[in-house]
Amino acid sequence: MILEATGLAKRYGATPVFENVDLSLAAGELVALLGESGAGKSTLLNCLAGLDEPDAGRVRIGGQDLTALDEGGRARLRREKLGFVFQAFHVLPHLNVADNVGLPLLLLKRPDAARVAQMLDAVGLGDLGARMPRQLSGGQLQRVAIARALVHRPLLVLADEPTGNLDPRHAQQVLDLLLAQTREQGSACLLVTHSERAAARADRCLQLGEQGLR
Ligand code: ADP
Ligand code: ADP
């Protein structure tokens, strides 16, 4: 299993967001995570990435127990094995598009301009590498965030509504890319989405709600 979470629970104050969440993703699998707004999908993704600490349970990524690592260990595991597409993009405003996309490779001391160009082409931003983020539309920024999440061929991709700001053509392009990379690399992808078209292309759909994760 690429991702194995068992007995995950998270609460804010006395209010549980979710409890007893078990979740496994196998190599080559793309799974859609559905649920109403406020159901806890973003919180779950943050716990799986080690960006937020669950109150109970364990998370294993590539066999490594994330919950047993200290902050530095979690940061290293994220750099090496994880691609995260945030809802708010988190594109760095002072770096141009190509440098934003290449950042994960730079942090791994594996800079690779050809790979960056390949990813920009794959999300339809081949001509915009030298632009600054403030010169891009919301949909273009979202595609920058997706290219950056995939550039270092992570073992696990966690994507929070990656097609939410995209027109149908670009949404399909991004889904094609996520699916192709997941299959080719034998990685795994968990995709939060409200789009039925996106969910229909997933290998499985999971629903987060008052009954937990089903
Ligand atoms: P979703 O992504 O499914 O819309 P979220 O994970 O964003 O849901 O939020 C789940 C619940 O947790 C919501 O009720 C939200 O208000 C609450 N929540 C999220 N983050 C915090 C926080 N930092 N402090 C308190 N409550 C929070
Ligand atoms: P979208 O359909 O993705 O929402 P927009 O209508 O926001 O696109 O933008 C259309 C085009 O205008 C895009 O190609 C984008 O690069 C360009 N653009 C948007 N904002 C700016 C800006 N502040 N400076 C330069 N170009 C911009």
Side-chain angles (χ1 to χ4, degrees), residues 2-25 29-61 66-67 69-71 74-75 77-78 81-92 138-139 141-150 154 156-168 170-171 174-175 177-179 182 187-214:
I2 303 260
L3 171 70
E4 247 181 323
T6 48
L8 275 190
K10 181 71 185 176
R11 57 181 172 271
Y12 289 112
T15 316
V17 182
F18 49 77
E19 293 176 300
N20 291 319
V21 164
D22 296 323
L23 168 65
S24 297
L25 297 190
E29 202 176 30
L30 184 141
V31 173
L33 177 60
L34 313 173
E36 288 178 8
S37 177
K41 304 179 297 296
S42 298
T43 305
L44 178 58
L45 245 54
N46 286 335
C47 287
L48 295 174
L51 295 167
D52 203 345
E53 215 166 329
D55 295 304
R58 294 204 162 272
V59 177
R60 287 178 170 275
I61 297 176
L66 180 76
T67 30
L69 297 172
D70 62 12
E71 186 61 49
R74 288 198 295 271
L77 188 146
R78 270 199 299 276
K81 297 192 173 159
L82 206 74
F84 203 109
V85 185
F86 293 92
Q87 232 174 5
F89 313 142
H90 290 227
V91 170
L92 300 178
L141 286 174
Q142 188 155 33
R143 285 179 280 142
V144 172
I146 289 153
R148 183 185 53 192
L150 302 180
L156 175 65
V157 174
L158 300 173
D160 204 347
E161 294 197 54
T163 59
N165 284 292
L166 302 181
D167 58 60
H170 285 123
V174 161
L175 268 175
L177 182 65
L178 285 171
L179 272 166
T182 302
S187 52
C189 179
L190 184 62
L191 176 75
V192 172
T193 185
H194 286 111
S195 154
E196 287 180 19
R197 287 178 68 172
R201 298 189 61 196
D203 297 308
R204 286 189 283 144
C205 291
L206 296 170
Q207 180 97 26
L208 187 60
E210 288 181 7
Q211 320 294 317
L213 187 68
R214 329 229 117 169

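Position 1 is the first residue of the sequence; numbering continues from there. Model, not experiment: these values are computed from the prediction. Atoms within each ligand, like the ligands themselves, are counted from 1 in listed order. Note that these values count all heavy atoms, side chains included, but never hydrogens, waters or copies made by symmetry.
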Please identify which atoms of ligand 1 are closer than 4.0 Å to at least one heavy atom of [X].
{"X": "Ser37", "result": "4 (O)"}
{"X": "Glu36", "result": "3 (O)"}
{"X": "Ser42", "result": "1 (P), 2 (O), 6 (O), 7 (O)"}

Quick one: nearest non-hydrogen protein atom to [atom], plus distance?
{"atom": "atom 8 (O) of ligand 1", "value": "Gly40 N, 3.1 Å"}
{"atom": "atom 6 (O) of ligand 1", "value": "Thr43 OG1, 2.5 Å"}
{"atom": "atom 13 (C) of ligand 1", "value": "Gly38 O, 3.7 Å"}
{"atom": "atom 23 (N) of ligand 1", "value": "Tyr12 CE2, 3.6 Å"}

On a heavy-atom basis, which atom in [X] and which in [Y] lie closest, and how many Å separate them?
{"X": "Leu178", "Y": "Cys189", "value": "CD2-SG, 4.2 Å"}
{"X": "Cys47", "Y": "Leu66", "value": "O-CD2, 4.0 Å"}
{"X": "Ala199", "Y": "Ala32", "value": "CA-CB, 4.1 Å"}
{"X": "Lys41", "Y": "Glu36", "value": "NZ-O, 2.9 Å"}

Heavy atom of Gly35 under 4.0 Å from ligand 1?
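Under 4.0 Å: no for Gly35.
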Is the shortest distance from atom 10 (C) of ligand 1 to a protein heavy atom below 4.0 Å?
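At least one protein heavy atom is under 4.0 Å away.
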Can you find a protein heavy atom closer to atom 16 (O) of ligand 1 than 4.0 Å?
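It does not; no protein heavy atom is within 4.0 Å.
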Looking at Arg204, I want to see if its CZ is surrounded by more than 12 non-hydrogen atoms of other residues, nucleotides or ligands under 6.0 Å.
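Counting other residues, nucleotides and ligands, CZ of Arg204 exceeds 12 neighbours.
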Step through the shown structure and confirm whether more than 12 heavy atoms of other residues, nucleotides or ligands are within 6.0 Å of CD on Glu210.
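No.
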If you measure from CG on Leu3 to OG on Ser24, what distance do you get to the nearest 0.5 Å?
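With rounding to 0.5 Å, CG (Leu3) is 7.0 Å from OG (Ser24).
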Any N or O of Val17 closer than 3.5 Å to N or O of ligand 1:
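Val17 vs ligand 1: no N/O contact under 3.5 Å.
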With respect to Pro162, which candidate in Val157, Leu177, Thr193, Leu191 satisfies the side chain to side chain contact (heavy atoms under 4.5 Å, CB included) definition?
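Among the candidates, only Leu191 passes.
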